[in-house]
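The block underneath contains the structure these notes are about, expressed in structure tokens.
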Amino acid sequence: MTSPDPPDDSVPARWTASTVYPDMWMDPADDPRDAGIAPADERATLIDYLRAYRLTLRLKCADLDAGQMASRSVPPSTMSLLGLIRHMADVERSWFRRVMAGEVAPRRFSSPDDPEGAWNGAVGDSAVVAQAWAAWEAEVDYAERFVARTSDLNTVGQQSDGKVIQLREVLVHMIEEYARHCGHADLIRERIDGRVGQ
């Protein structure tokens with residue numbers, strides 16, 4: 001059976017580091033997302049799923065240079081892997097600092113004047129990439145410390161519209177947010193250098 005799409009020399013060949021499953025990113029035994037311990041309860045399950053999705057986004061960006069990180073998906077989308085890192089830094093900051101902790105914490109990359117700043121400012125410059133990683137890592141660290149010291153999943157934060165939300169729901173939402181964007185990252189990475197998703 002032939003592909004309905006004509007060959008395109010600009011499209012990279014699909015590849016994987018896996019020696020077991022050709023449609024997977026790496027061998028299951030080498031996958032750092034598998035903690036090897038089954039979560040014991042709701043809290044541990046939510047934390048572990050979020051940890052694994054955060055790591056997935058990092059893995060999707062591994063071994064890419066600044067230009068590749070800033071490579072856009074498909075027109076007219078402004079989405080890139082670098083844009084995803086910047087966007088998720090803002091998302092982490094919003095939910096854990098502003099909503100749950102009640103801090104005054106403006107977004108790092110977007111603003112009311114530039115709501116698409118996380119995407120539009122994702123340019124192929126090594127300093128921009130380093131800034132994005134530093135911001136994302138700082139926000140993930142803050143979120144992890146907040147969750148670690150907040151034992152009750154019923155703890156509530158307040159959204160900008162005044163509605164309250166439990167930490168439990170924030171964790172589920174963050175899993176949803178990362179899952180959606182890791183799907184985007186699979187496709188973007190495969191378009192950049194052909195490495196398949198997992």
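What you see below is based on every heavy atom in this structure, not just the backbone, and it leaves out hydrogens, waters and symmetry mates.
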[atom2] on [Y] to [atom1] on [X], rounded to 0.5 Å:
| X | Y | atom1 | atom2 | answer |
| --- | --- | --- | --- | --- |
| Arg54 | Ile175 | CZ | CD1 | 9.5 Å |
| Cys61 | Arg189 | SG | CZ | 8.0 Å |
| Asp186 | Arg195 | CG | CZ | 11.5 Å |
| Ile85 | Glu139 | CD1 | CD | 13.0 Å |

Can [Y] be reached from [X] by stepping across I, L, V, M, F, W or Y side chains whose heavy atoms are under 4.5 Å apart?
| X | Y | value |
| --- | --- | --- |
| Val140 | Met88 | yes |
| Leu50 | Leu153 | yes |
| Tyr142 | Val99 | yes |
| Met69 | Leu55 | no |
| Val91 | Ile165 | yes |

Using the ring-ring contact (aromatic ring centres under 6.0 Å, His included) definition, which of the options Trp95, Tyr53, Phe96 pairs with His173? Trp95

Could you tell me whether a side-chain N or O of [X] sits under 3.5 Å from a main-chain N or O of [Y], the two making a donor and an acceptor?
| X | Y | result |
| --- | --- | --- |
| Arg98 | Ala105 | yes |
| Thr155 | Asp152 | yes |
| Ser94 | Asp90 | no |
| Gln68 | Asp65 | yes |
| Arg93 | Pro106 | yes |
| Thr45 | Asp41 | yes |

Within a strict 4.5 Å, meaning less than it, do heavy atoms of the [X] and [Y] side chains meet?
| X | Y | result |
| --- | --- | --- |
| Arg191 | Pro12 | yes |
| Trp119 | Met79 | yes |
| Met100 | Val170 | yes |
| Arg180 | His184 | yes |
| Leu64 | Ile192 | yes |
| His87 | Glu92 | no |
| Arg168 | Asn154 | yes |
| Arg72 | Ile188 | no |

Check whether more than 12 heavy atoms from other residues, nucleotides or ligands sit under 6.0 Å from atom [atom1] of [X], and answer yes or no.
| X | atom1 | value |
| --- | --- | --- |
| Asp63 | CG | no |
| Glu169 | CD | no |
| Tyr49 | OH | no |

Work out which heavy atom in [X] is nearest to a heavy atom in [Y]; give both atom names and the distance.
| X | Y | value |
| --- | --- | --- |
| Lys163 | Asp161 | N-OD1, 3.0 Å |
| Ala132 | Phe109 | CA-CZ, 4.1 Å |
| Ala70 | Ala122 | CB-O, 3.5 Å |
| Val196 | Lys60 | O-NZ, 3.9 Å |
| Val128 | Arg86 | CG1-NH1, 3.8 Å |
| Ser80 | Ser71 | CB-O, 3.2 Å |

Sorted by chain and residue number, the salt bridge (charged side-chain N to carboxylate O under 4.0 Å, His left out) partners of Arg107 (sequence neighbours excluded) come out as none

Run the side chain to side chain donor-acceptor pair (under 3.5 Å) test against Arg43 and tell me which residues pass, sequence neighbours left out. none

Using side-chain contact (heavy atoms from CB on, under 4.5 Å), reason through Leu82 and Val123 one step at a time and then give a plain yes or no. CA-CA 8 Å; Leu82 178 55; Val123 297; 5.9 Å; no

Could you give all pairs that pass the side chain to side chain donor-acceptor pair (under 3.5 Å) test and reach residues 126-138, with sequence neighbours left out? Arg58-Glu137, Trp136-Tyr178

